[in-house]
Amino acid sequence: MSDDFLRLVSQSNPATREYQPANNGYPPSGTAGPYTDRSPQQLMDPFFDDEDDNVPDSAFGRPAPMRSQESGLPLTRSAAPPAGVGSSTTLPQDWTFDDEFQSSSQQSFPGAPKPQSAQKSSKLSGFNLRKRKWPWQKEKVLTGERVIALNNNVANAEFCSNFVSTSKYNLITFVPKFLFEQFSKYANVFFLFTACIQQIPGVSPTEPYTTIVPLAVVLMASAFKEIQEDLKRHQSDTELNARKAKVLTLQCTFLERKWKDIHVGDIVRLENNDFIPADMLLMTSSEPEGLCYIETSNLDGETNLKIKQASTHTAPLTNPTLINSLHGSLRSEQPNNSLYTYEGTLDLITDAGMPKQVPLGPDQVLLRGAQLRNTQWVYGLTVFTGHETKLMRNATATPVKRTAVERQVNAQIVFLFILLLALSVGSTIGSSIRTWFFSNAQWYLFETSSLTGRAKGFVEDILTFIILYNNLIPISLIVTMEVVKFQQAQLINSDLDMYYAKTDTAALCRTSSLVEELGQIEYVFSDKTGTLTCNEMEFRCCSIAGTAYADVVDDTKRDGEDGQGGWKTFSEMRERLDSPSNPFTDKASTSSSTLPSAEREKEIIKEFLTLLAVCHTVIPEVRDDGKMVYQASSPDEAALVAGAELLGYQFHTRKPKSVFVNIQGQSQEFEILKVCEFNSTRKRMSTVVRCPDRSIKLYTKGADTVILERLSKNQPFTETTLAHLEDYATEGLRTLCIAYREIPDTEYRQWEQIYNQAAATINGRGDALDQAAELIEKDLFLLGATAIEDKLQDGVPDTIHTLQMAGIKVWVLTGDRQETAVNIGMSCRLISESMNLVIVNEDNAHDTQEFLTKRLSAIKNQRSTGELEDLALVIDGKSLGFALEKELSKIFLELAIMCKAVICCRVSPLQKALVVKLVKKNQKAILLAIGDGANDVSMIQAAHVGVGISGVEGLQAARSADVAISQFRYLKKLLLVHGSWSYRRLSKLILYSFYKNIVLYMTQFWFSFFNNFSGQIAYESWTLTLYNVLFTVLPPLVIGIFDQFVSARFLDRYPQLYILGQQNAFFTKTSFWLWVGNALYHSVLLYGFSVVLFWGDLKQANGLDSGHWFWGTTLYLAVLLTVLGKAALISDLWTKYTVAAIPGSFVFTMLFLPLYAVVAPAIGFSMEYQGIVPRLWTNSIFYFVLLYIPLLCLVRDFAWKYYRRTYTPSSYHIVQELQKYNIPDYRPRQEQFQKAIKKVRATQRMRRNRGFAFSQTENAGKQDQAKLIRAYDTSKAGARPSGY
């Protein structure tokens, strides 16, 4: 083919002169194709199919200089040649094939029938194993393009499988990961070190297994818990991977395969309500023109249905034979995390052997995790599988979460280890002084005199004293914490207040190691759809001709307020329509000129309901059970049409040019002449309709601000309608104004020409259509208004208000539109009437930076003058993308933190996680994220604590979360009650565990001064081990599980108590050192008084000395009684378990120890206690020491407790008094006063900013709603193709 011919074709098309294509990756720069010219100018492919004049503009991706945004011209990037055409053997960039895939003369095309040499490679397809990625391997960044062969599985064998794993461990990684996690706890490292040195002969003063056995038990208990939690994740993954889908074979039959066995290049048949198993390209569907509806609530939180449309080249291929006849390849972008973009090109070979290119964009993409809705079937070409899907690319790896308390405990263990080393070195120095300076006086001891011997002795002494004092760090602490956290999780699971009977779902704490962080949360990041709202739109109220109607009307509203007419019910409206006279007006009022006539009012009601049934873009569908279902891209529209049906105007059939409405038993046809679509600039939608009486009417619905300025003069119902709108808006309902006018035929014909001219515009079609609509949307007559409730979950406003009172900042991160999100923010009390909104809605990084900087400096200046006003920040996804960049993130965060509430709209799942990580990185605060869909998983995993709602959108979030609840309102009790209790209990448990060990082991240190620093122990070694394992194990357990510093009722009543947890008031460094000081004080008193009372050793009745073990056992039991007495002093709630744990432990020890002292020597297990029982348990001094010394120790503690409560009480002390004496709370009167002024403020607020009920997907002119609805003829539903 001559170059002149190519140049002629290229120059004849004006588009190539206006738009000079840039090399955008298609074709790759290194590719030499058959149409590549020597000249710099790139030429059009003469074989490009110019008949395709209705390719969706979104197929071209983001607009670039060479692409026409709305012209519909069929240009691709530079018409790259498909593989196998022409004589060139150059391969596309970044692709190489083995020699066996290439013939000697030319490269074979992947989609064409395989040559003989390619048969060898088919053996490889059986070895398409899942490639494992090691933890240290970096993610390979893919560049260039992905080439997928059509109907050729062998050529696509190298792509990853569709297997998905969200678990934390597998068989290979469990041991290293688990051990790393466990030994990141310094206590475990220390005990491992101690256990090792205990094995050295002649060094350990205790038995060699007294440390390693408890450590092994601790690790096994932790391993069991981790395995149990991860098995649940594996089960959910297995369940997901084992779902079935229908895959098309080369024999034109369908084979049911598990999701994990679906490969790139497979054609999959999906049916109504199926979930999409991988990222696919929509090839064809059962609906006209290849349309289909999908719900993406799992991906972006939006419940309104999205419309996808197959390319016009593939839409007619509605059976397996036609689909299998496709030959060619798909050149696609590489896997990425952008949910809203896609770029690809189908390189097809026609039956005549000619190449044809089909551009593809986001309108053809079906993403994994979305659900097919209201569409009988679709065929999809698999493009990305498994961890390469956009959903998984938005997910983050399951993190290892460690709590702030655990990190603090680690630091405290380091302090205690330093103390232990100091004591060991001090004791060793004492021992060395004895050895070096007093060895002559102690001639009866064998001492080495050589320097090396003394050096060796010095090291051995250090190790001996480390083992002697090792339990300064309590080995029982770690296992006690694990057991307590597990039990606290069980208490959360069994709480009936958090049980949702409707779905038979209880709360489930999946990660028990995080329970105490529930009591320290400062930020809550919440999804909106399905978390705050129910995913249900309900037609609640309407105002027609100045009269308000609702399904149920309160008696207070029936009487009317401020002289307005009272509200009526929907049933009364239906009666009014059926009856000839007006039952609402009595004879006295009908003469009033302010009220419309009865007939006039009846006509207005009819016009209003007709508008609701006709002016929309809803498609009706009759289910198998005969029930009518409305499929709509806006849930608000579906609710309005359902509302009209409820009131007797049932929309039942849509044809390309008309709709049919069943009015009071009669089906009437309304011809749809023109549709002026909704967008966020217009904030309204209009339909020009020819009614059954042949009159032409304009029906308009939209936000009150835009409708009111387009009304004609002398409107009778404006004031009353506005009053009703304010009532609706105060209740958080989403409102629309409804208006109409009759259009004369001549005016319509003139306007139709203008509209058609605008519709034919190539560049700027959307603006031209908007201007045309402005010409006819004027002089409207106001019929009334509607109010739709985006139903909040029960108790959401109260929960958010309570959380804010508790000092928790709530941020809402949603995929919904700005108006919707702000409206929900108001109705759920996240945004109050007194707040000022800071709305960030910029198009580029420079404007975003300028706006944020200006607002930040203005707020700082205002606050420096002492003015403090509540602010709410609202930012959309585009601006947020700029704000999260490194240069801007600090400014954005500083501004956001100054605001009481933050709402981020139109955000992707990854942006949600990035916002959480930004706050986590820069703020020393504990964060909680709560959501219910797969789009929330990355956010849930990024936060310190993740809470999943097991709701309508599936269980993806609940499975990935640390805690799963079924309703948002349960978050209040989870945090304010269970969180506060867990934090307080664990604080007490840890501090008490340190205290009880320091008291006992410091007496051992004081004893060293009396035993010549010889390393002699004061207590029998197994009794020493049983101190932590048996005798004092119950008090910290019971305090950790059952103690309540304030009851649940009072924690709910006074949410401000939660601030104690946020401030970490119960577990500060100060409180730690005070407890350590108290333990030292008790150990000095215990040791000192025991030595004084036993000075010179006690003489028994038989004249013999009592001996070392007599004194040691007495001191041991005195220490035990002191620490149990301390546990009694710090217990706030006494239950039967507390009695069993504290007095019970001492009673048990007094019974067990004599038994052990008799049995152990008898069987030769331990000889120290031989013959001690009859001498010790009958001695009066023994009982005197047990009574006197612990009492003396605890007098100071009791006096300090009395002083604190009486003279410097904390907030919780006062609430404890209120609880004890049951003092009533007089605050409800104040709340009533606040409610009285709330309505006034709300009305003022709503006048400025009222939510309106439109939430259609906007694609900036890429999808034409009017064109889509005209593709449907629901009267021929049975004629749709079956797909087989």
Side-chain angles (χ1 to χ4, degrees), residues 26 45 47-63 67-77 79-80 82 111 145-151 248 265-270 276 279-294 306-333 340-351 354-367 370 372 375 377-384 1259 1261-1264 1267-1268 1271 1281 1283:
Y26 298 138
D45 181 354
F47 296 109
F48 191 91
D49 186 0
D50 278 331
E51 289 175 4
D52 177 22
D53 59 355
N54 53 0
V55 174
D57 294 310
S58 57
F60 297 95
R62 292 180 291 275
R67 298 175 214 154
S68 170
Q69 174 75 0
E70 297 174 9
S71 65
L73 287 172
L75 297 171
T76 56
R77 285 176 196 77
E145 60 189 19
R146 161 175 287 208
V147 178
I148 299 164
L150 302 182
N151 296 317
L248 183 64
D266 284 348
I267 301 285
V268 179
R269 178 189 167 100
L270 300 170
I276 297 166
D279 288 355
M280 299 182 169
L281 287 175
L282 175 62
M283 303 300 281
T284 185
S285 80
S286 59
E287 305 305 301
E289 299 191 17
L291 295 170
C292 78
Y293 285 86
I294 62 163
K306 309 289 191 307
I307 299 171
K308 299 289 182 180
Q309 185 173 12
S311 165
T312 49
H313 289 87
T314 61
L317 310 176
T318 54
N319 65 55
T321 309
L322 292 173
I323 283 283
N324 265 343
S325 68
L326 280 178
H327 289 297
S329 64
L330 167 68
R331 287 186 289 117
S332 163
E333 65 184 17
Y340 305 111
T341 61
Y342 179 77
E343 292 180 357
T345 304
L346 265 178
D347 292 328
L348 300 177
I349 303 292
T350 63
D351 293 337
M354 290 297 185
K356 176 162 48 171
Q357 294 188 321
V358 181
L360 301 168
D363 286 347
Q364 286 81 48
V365 176
L366 307 176
L367 297 179
L372 188 67
T375 309
W377 57 266
V378 300
Y379 284 165
L381 169 65
T382 308
V383 184
F384 304 128
N1259 278 343
K1262 293 172 186 174
Q1263 275 186 341
D1264 187 349
K1267 182 180 170 185
L1268 293 177

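Position 1 is the first residue of the sequence, and the numbers go up from there.
- Atom CG of Leu348 is separated from atom OG of Ser311 by 8.5 Å, given to the nearest 0.5 angstrom.
- Once rounded to the nearest 0.5 Å, the distance linking CG of Leu360 with CZ of Arg331 reads 10.5 Å.
- Nearest approach of Ile148 to Gly265, heavy atoms of both residues: CG2-CA, 3.8 Å.
- Ser286 has its side chain within reach of Thr375: a pair of non-hydrogen atoms, C-beta onward, lies under 4.5 Å apart.
- With Leu282 as the partner, the side chain to side chain contact (heavy atoms under 4.5 Å, CB included) test is satisfied by one option alone out of Leu270, Leu366, Asp363, Leu381: Leu366.
- With respect to Tyr342, the side chain to side chain contact (heavy atoms under 4.5 Å, CB included) criterion is satisfied by exactly one of Asp279, Leu281, Leu367: Leu281.
- Here OG of Ser285 is found 11.0 Å from CZ of Arg269. Values are rounded to the nearest 0.5 Å.
- Contact of the Cys292 side chain with the Leu372 side chain is registered, since non-hydrogen atoms from C-beta on lie closer than 4.5 Å.
- With hydrogens and angles disregarded, a donor-acceptor distance shorter than 3.5 Å links the side chain of Lys308 to the backbone of Pro362.
- The main-chain N or O of Ala149 is never found under 3.5 Å from a side-chain atom of Ser329 such that the two would form a donor-acceptor pair.
- Between His313 and Lys356, the shortest heavy-atom distance links the atoms CD2-NZ, 3.3 Å.
- Heavy atoms only, all atoms of each residue included: Ile323 and Tyr379 are closest at CG1-CD1, 3.4 Å.
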